[in-house]
Engineer: 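Dropping the structure in here first, questions after.
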Amino acid sequence: MIKRFSNQRQIVYDSLLALEHSTSEELIEYIKENYSEISLATIYRNLSVLLNEELITKININGIDYYETTKDTHFHFICKRCNKIQDILPNEIPINIKDIDYINSNKILSCNITFTGICKDCLNKQLK
């Protein structure tokens with residue numbers, strides 16, 4: 001059952017859309033800077049509701065929880081220099097991961113792939 005989308009829930013959701021990938025601390029800071037006062041309990045309660053309704057996803061990268069709005073299948077790239085997280089779409093990978101149904105007789109339902117490296121912005125800074 002989808003709960004009513006309150007004004008505060010909309011603010012949390014819209015903030016996550018704007019931030020793309022955010023820790024709860026970054027989300028709280030963003031909301032404090034851009035919206036009226038919302039209590040920490042309200043933010044955490046709305047994160048929980050949005051997670052339960054599968055409107056947002058929590059991903060753990062290097063032991064840190066990040067939130068993002070739920071999207072179609074995608075993977076992540078993390079820059080080792082600036083720590084920026086970018087979405088990578090399946091069609092940007094030179095193999096078709098969607099065609100993998102079984103590995104070692106295990107049925108694949110989903111996968112979580114994180115690429116690490118140096119983003120193009122950091123590479124460009126390095127060349128200057």
Engineer: Would one find more than 12 heavy atoms of other residues, nucleotides or ligands at under 6.0 Å from atom CG of Asn62?
Structural biologist: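 Open: at most 12 neighbouring heavy atoms sit under 6.0 Å from CG of Asn62.
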
Engineer: For a 4.5 angstrom cut-off between non-hydrogen side-chain atoms, does Ile108 reach Asp101?
Structural biologist: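 No, too far: nothing below the 4.5 Å cut-off.
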
Engineer: Is there a donor-acceptor pair under 3.5 Å between the side chain of Glu92 and the backbone N or O of Leu89?
Structural biologist: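 Answer holds: yes.
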
Engineer: If the condition is ring pair (Phe, Tyr, Trp, His ring centres under 6.0 Å), which residues does His76 pass it with, not counting sequence neighbours?
Structural biologist: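 For His76 the ring pair (Phe, Tyr, Trp, His ring centres under 6.0 Å) partners, ignoring immediate neighbours, are His21, His74.
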
Engineer: Go through the steps to decide whether Tyr67 and Ile59 satisfy the test side-chain contact (heavy atoms from CB on, under 4.5 Å), and finish with yes or no.
Structural biologist: CA-CA 6 Å; Tyr67 297 90; Ile59 55 174; over 6 Å; no

Engineer: In terms of hydrophobic clusters joined by side-chain contacts under 4.5 Å, are Ile56 and Tyr30 together?
Structural biologist: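 Yes.
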
Engineer: Got a donor-acceptor contact below 3.5 angstrom from the Asp14 side chain to the Ile11 backbone?
Structural biologist: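 No; judged by distance alone, with no hydrogens or angles, the pair does not exist.
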
Engineer: Consider only side-chain heavy atoms of I, L, V, M, F, W and Y, link residues closer than 4.5 Å, and tell whether Leu51 and Tyr66 are in one cluster.
Structural biologist: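 Different clusters.
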
Engineer: Counting C-beta onward and ignoring hydrogens, is there a side-chain heavy-atom pair between Asn46 and Tyr13 closer than 4.5 Å?
Structural biologist: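 The answer is no, as the side chains (C-beta and beyond) never meet within the 4.5 Å cut-off.
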
Engineer: So do Leu47 and Leu27 actually touch side chain to side chain, heavy atoms under 4.5 Å?
Structural biologist: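 Sidechains of Leu47 and Leu27: in contact.
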
Engineer: Using a 4.5 Å cut-off on heavy atoms from C-beta on, say whether the side chain of Glu68 contacts that of Ser22.
Structural biologist: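 Ser22 does not reach Glu68 side chain to side chain.
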
Engineer: Distance check, rounded to the nearest 0.5 Å: Asn60 atom CG versus Asp65 atom CG?
Structural biologist: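 Between Asn60 CG and Asp65 CG, I get 5.0 Å after rounding to 0.5 Å.
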
Engineer: Would you say CG of Asp72 has more than 12 non-hydrogen atoms from neighbouring residues, nucleotides or ligands within 6.0 angstrom?
Structural biologist: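 It does not: Asp72 CG has 12 such atoms or fewer within range.
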
Engineer: Following the transitive rule for hydrophobic clusters with a side-chain heavy-atom cut-off under 4.5 Å over Ile, Leu, Val, Met, Phe, Trp and Tyr, establish whether Phe75 and Ile100 coincide in one cluster.
Structural biologist: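 No.
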
Engineer: Rounded to the nearest 0.5 Å, what separation is found between the CD atom of Gln8 and the OG atom of Ser39?
Structural biologist: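 Rounded to the nearest 0.5 Å, the CD-OG separation comes to 7.5 Å.
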
Engineer: Just distance, no hydrogens or angles: give the donor-acceptor pairs under 3.5 Å from side chains in residues 77-85, sequence neighbours left out.
Structural biologist:
unit_1 : atom_1 : unit_2 : atom_2 : d
Arg81  : NH1    : Gln126 : OE1    : 2.6
Arg81  : NH2    : Gln126 : OE1    : 3.2

Engineer: For residues Asn7 and Tyr35, determine if any side-chain heavy atom of one lies less than 4.5 Å from a side-chain heavy atom of the other.
Structural biologist: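 Asn7 does not reach Tyr35 side chain to side chain.
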
Engineer: So, taking the atom named CD1 in Ile31 and the one named CD in Glu26, what distance separates them when rounded to the nearest 0.5 Å?
Structural biologist: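 Reported value, rounded in 0.5 Å steps: 12.0 Å.
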
Engineer: Pair Leu40, Ile28 - check side-chain contact (heavy atoms from CB on, under 4.5 Å), show working.
Structural biologist: CA-CA 7 Å; Leu40 292 177; Ile28 290 163; 3.5 Å; yes

Engineer: Are Arg45 and Thr42 close enough that a side-chain donor and a side-chain acceptor fall under 3.5 Å?
Structural biologist: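 The answer is yes; a qualifying pair exists.
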
Engineer: Which value, rounded to the nearest 0.5 Å, describes the distance between Glu53 atom CD and Ser48 atom OG?
Structural biologist: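 Glu53 atom CD to Ser48 atom OG measures 9.5 Å (nearest 0.5 Å).
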
Engineer: If we only count heavy atoms from C-beta on, is the Phe5 to Leu55 side-chain gap below 4.5 Å?
Structural biologist: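 Phe5 reaches Leu55 side chain to side chain.
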
Engineer: Run the salt bridge (charged side-chain N to carboxylate O under 4.0 Å, His left out) test against Asp87 and tell me which residues pass, sequence neighbours left out.
Structural biologist: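 Result, salt bridge (charged side-chain N to carboxylate O under 4.0 Å, His left out) vs Asp87: Lys71.
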
Engineer: Can you get from Ile88 to Ile95 by hopping between Ile, Leu, Val, Met, Phe, Trp and Tyr side chains that sit under 4.5 Å apart?
Structural biologist: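 In one cluster with Ile88: Ile95, yes.
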
Engineer: Please report the interatomic distance CG(Leu17) to CD(Gln10), rounded to the nearest 0.5 Å.
Structural biologist: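 It comes to 8.5 Å.
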
Engineer: Would you say Lys107 has more than 12 foreign heavy atoms packed within less than 6.0 Å of its NZ?
Structural biologist: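 Check passes, neighbour count above 12.
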
Engineer: Please answer: with hydrophobic residues joined when any side-chain heavy atoms are less than 4.5 Å apart, are Ile61 and Ile113 in the same cluster?
Structural biologist: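 The answer is no; the residues belong to distinct hydrophobic clusters.
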
Engineer: Please round to the nearest 0.5 Å and tell me the distance separating atom OG of Ser6 and atom CZ of Arg9.
Structural biologist: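 Here the interatomic distance stands at 4.5 Å.
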
